[in-house]
Amino acid sequence: MKLAIDHIVARHPAARDDVAAALRGLSLGFAKGEQVAVIGPSGAGKTTLLQILACAMPPSSGGVRLDGQSPWNLPRSALQRLRGRLLLAPQVPPLPPRQRVVTAVLAARLPAMGLWASVRSLFYPTDIPAAFEALEQFDLGDKLFERVDRLSGGERQRVGLARALLAPAELWLVDEPLSALDPTRARQAMGSLTAAARQRGATLICTLHQVDMALAHFPRVIGLRDGQLAFDLPTAEVTREQLTQLYDQFEHELSGEAAPSVDHTHPTAPQPAVMHCR
């Protein structure tokens, strides 16, 4: 899927008028099948950018086009069909805690299923081998019939990534997919995600706090700061000086001192979802 945004200004609907917009005049384009990492300090506007691209919220001003269509000018039914062609994967996957992993993964196919088939799939998973294969890509095949609330935070995050492999989507918008993973799991998960997107020909846009992962796995890196574009470059052209300027006064994020929680932690309760998959 090809995307473009033109001079986007966006703020959260609940934000006060005196709070600066999350995105301020941002213009970007993405080619079909491209893989792009979006980096920047906390509050840079990375998640808001994904929400705009996913048609989850309209911009305050500026233009959005997905495959040449302006989503907010479409009839409701056409907008729903357009949303069905993309996957928005939040940092905390919205997985029902009592659901089995196999059901949660196969739910990625719901946008392409009719009502009866969708209801039936909740009780009788119809393609268990496909779910197992997707989970195996993230070293989770042994969790196929486990309940979601018995998974660690990192395991739930990898289940959310496995859903992308089964989704009928041409655009994958993935928000901070490595925040609950240790470095070894993070490298394996990112390698599996980018390889699967490449094989499918899907456009992949991924926000990351881990700068080293962005540089290692993506051919193009976009730097955001304060809702504006700091740089948009091929990975090989990103310099240490540019990264230092991007994370000025946020050096702990660039250096990795604020370490993510690792995969063996078991939260007492599922974390709330901040966005939903489509």
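The figures here come from the full heavy-atom set of this structure, side chains too, leaving out hydrogens, waters and symmetry mates. Throughout, numbering of the chain's residues begins at 1 and tracks the sequence. Quantities reported herein were computed from a predicted structural model and do not represent experimental measurements.
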S.K.: Measure across Ala180 and Gln157 and return the closest heavy-atom pair with its distance rounded to 0.1 Å.
M.R.: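 Nearest heavy atoms, Ala180 then Gln157: N-OE1, 2.8 Å.
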S.K.: Show me the donor-acceptor pairs, under 3.5 Å and distance only, between side chains in residues 27-37 and residues at least two apart or in other chains.
M.R.:
unit_1 : atom_1 : unit_2 : atom_2 : d
Ser27  : OG     : His7   : N      : 2.7
Glu34  : OE1    : Ala31  : N      : 2.9
Glu34  : OE1    : Arg220 : NH1    : 3.1
Glu34  : OE2    : Arg220 : NH1    : 3.0
Gln35  : NE2    : Thr194 : O      : 2.9

S.K.: Specify the closest pair of heavy atoms between Arg225 and Gln245, including all atoms of both residues, with the distance to one decimal.
M.R.: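 The pair with the smallest heavy-atom distance is NH1-O, 3.8 Å.
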S.K.: Could you tell me if the side chain of Arg11 sits less than 4.5 Å from the side chain of Thr48, heavy atoms only?
M.R.: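 SC-SC contact between Thr48 and Arg11 ruled out.
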S.K.: Looking at every non-hydrogen atom in both residues, tell me the closest pair between Pro177 and Leu181 and how far apart they are.
M.R.: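 Shortest heavy-atom contact: O-CD1, 4.0 Å.
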S.K.: When you measure from the side chain of Arg156 to the backbone N and O of Leu151, does any donor-acceptor pair fall under 3.5 Å?
M.R.: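 Side chain of Arg156 to backbone of Leu151: a pair is present.
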S.K.: Is the backbone of Asp226 close enough, under 3.5 Å, to the side chain of Arg24 for a donor and an acceptor to pair up by distance?
M.R.: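 The answer is yes, because a donor-acceptor pair under 3.5 Å joins these two groups.
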S.K.: In the structure I gave you, are the side-chain heavy atoms of Phe132 and Val105 within less than 4.5 Å of one another anywhere?
M.R.: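 In short, these two side chains do not touch, never coming nearer than 4.5 Å.
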S.K.: Would you check if the side chain of Arg163 reaches a backbone N or O of Ala107 as a donor-acceptor pair within less than 3.5 Å?
M.R.: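 No, the answer is negative, given that no donor and acceptor are paired below the 3.5 Å cut-off.
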S.K.: Would you say the side-chain atoms of Asp175 pair up with the backbone N or O of Ala89, donor to acceptor, closer than 3.5 Å?
M.R.: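 Checked: no pair found.
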S.K.: If the test is side chain to side chain contact (heavy atoms under 4.5 Å, CB included), which one of Gln137, Glu136, Lys143 qualifies with Leu140?
M.R.: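 The option that passes is Lys143.
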S.K.: Less than 4.5 Å apart, side chain to side chain, heavy atoms only: is that true for Val159 and Val148?
M.R.: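 Not in contact.
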S.K.: Do Asp248 and Leu246 pass the side chain to side chain contact (heavy atoms under 4.5 Å, CB included) test, and can you show the C-alpha distance, the side-chain angles, and the key distance before you say yes or no?
M.R.: CA-CA 6 Å; Asp248 182 36; Leu246 181 66; over 6 Å; no
S.K.: Would you check if Gln210 and Glu176 make a side-chain contact, meaning some heavy-atom pair closer than 4.5 Å?
M.R.: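 A side-chain contact under 4.5 Å exists here.
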S.K.: Do Leu165 and Phe138 have side chains that get closer than 4.5 Å, going by heavy atoms?
M.R.: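 In contact.
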S.K.: Can you check whether Arg198 reaches Leu204 side chain to side chain, under 4.5 Å on heavy atoms?
M.R.: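 Counting from C-beta outward, Arg198 and Leu204 never come under 4.5 Å.
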S.K.: Does some side-chain heavy atom of Pro219 sit less than 4.5 Å from a side-chain heavy atom of Pro234?
M.R.: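 Heavy-atom side-chain distance check fails, nothing below 4.5 Å.
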S.K.: Hey, does Val38 have a side-chain heavy atom less than 4.5 Å from the side chain of Leu208?
M.R.: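 Leu208 vs Val38: side chains apart.
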S.K.: Ignoring hydrogens and geometry, is there a side-chain-to-backbone donor-acceptor pair from Thr203 to Met1 under 3.5 Å?
M.R.: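 Yes: the side chain of Thr203 pairs with the backbone of Met1.
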S.K.: When rounded to the nearest 0.5 angstrom, what is the spacing between CG in Leu23 and NZ in Lys46?
M.R.: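 Leu23 atom CG to Lys46 atom NZ measures 11.0 Å (nearest 0.5 Å).
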S.K.: Compare every heavy atom of Ala134 with every heavy atom of Leu166, then report the nearest pair and how far apart it is.
M.R.: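 For Leu166 and Ala134, the tightest heavy-atom pair comes out as CG-CB, 4.1 Å.
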S.K.: Could you go step by step and tell me if Ile5 and Leu49 meet the side chain to side chain contact (heavy atoms under 4.5 Å, CB included) rule?
M.R.: CA-CA 10 Å; Ile5 57 173; Leu49 172 61; 3.7 Å; yes
S.K.: Which heavy atom of Phe218 sits nearest to which heavy atom of Cys206, and what is that distance?
M.R.: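 Shortest heavy-atom contact: CZ-CB, 3.7 Å.
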S.K.: Assess, by modelled atom type and distance only, whether the side chains of Glu241 and Thr244 contain a donor and an acceptor separated by less than 3.5 Å.
M.R.: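 There is no such pair between these side chains.
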S.K.: Taking all non-hydrogen atoms of both residues into account, name the closest pair between Leu193 and Trp172 and its distance.
M.R.: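 The pair with the smallest heavy-atom distance is O-CZ3, 3.8 Å.
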S.K.: Please lay out, stage by stage, how Arg83 and Gln80 fare under the test side-chain hydrogen bond (donor to acceptor under 3.5 Å, both in side chains).
M.R.: CA-CA 5 Å; Arg83 286 170 171 166; Gln80 288 299 101; 2.8 Å; yes
S.K.: For the side chain of Arg158 and the backbone of Arg185, is there at least one donor-acceptor N/O pair under 3.5 Å apart?
M.R.: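 Not at all, since once roles are kept as given, no pair shorter than 3.5 Å links the two residues.
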S.K.: How about CD on Gln69, more than 12 heavy atoms from neighbouring residues, nucleotides or ligands closer than 6.0 Å, or not?
M.R.: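 Atom CD in Gln69 is crowded, with more than 12 foreign heavy atoms closer than 6.0 Å.
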S.K.: Before giving the answer on side chain to side chain contact (heavy atoms under 4.5 Å, CB included), spell out for Leu215 and Val238 the whole-Å C-alpha distance, their side-chain angles and the decisive distance to 0.1 Å.
M.R.: CA-CA 8 Å; Leu215 299 176; Val238 178; 4.3 Å; yes
S.K.: Run the side chain to side chain contact (heavy atoms under 4.5 Å, CB included) check on Leu243 and Ile39 step by step: do they pass?
M.R.: CA-CA 10 Å; Leu243 294 174; Ile39 63 173; 3.7 Å; yes
S.K.: Please set out all donor-acceptor pairs under 3.5 angstrom arising from side-chain atoms of residues 57-65, sequence neighbours excluded.
M.R.:
unit_1 : atom_1 : unit_2 : atom_2 : d
Arg65  : NE     : Gly68  : O      : 3.3
Arg65  : NH2    : Gly68  : O      : 2.3

S.K.: Which value, rounded to the nearest 0.5 Å, describes the distance between Leu224 atom CG and Thr207 atom OG1?
M.R.: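 Result: 10.0 Å between the selected atoms.
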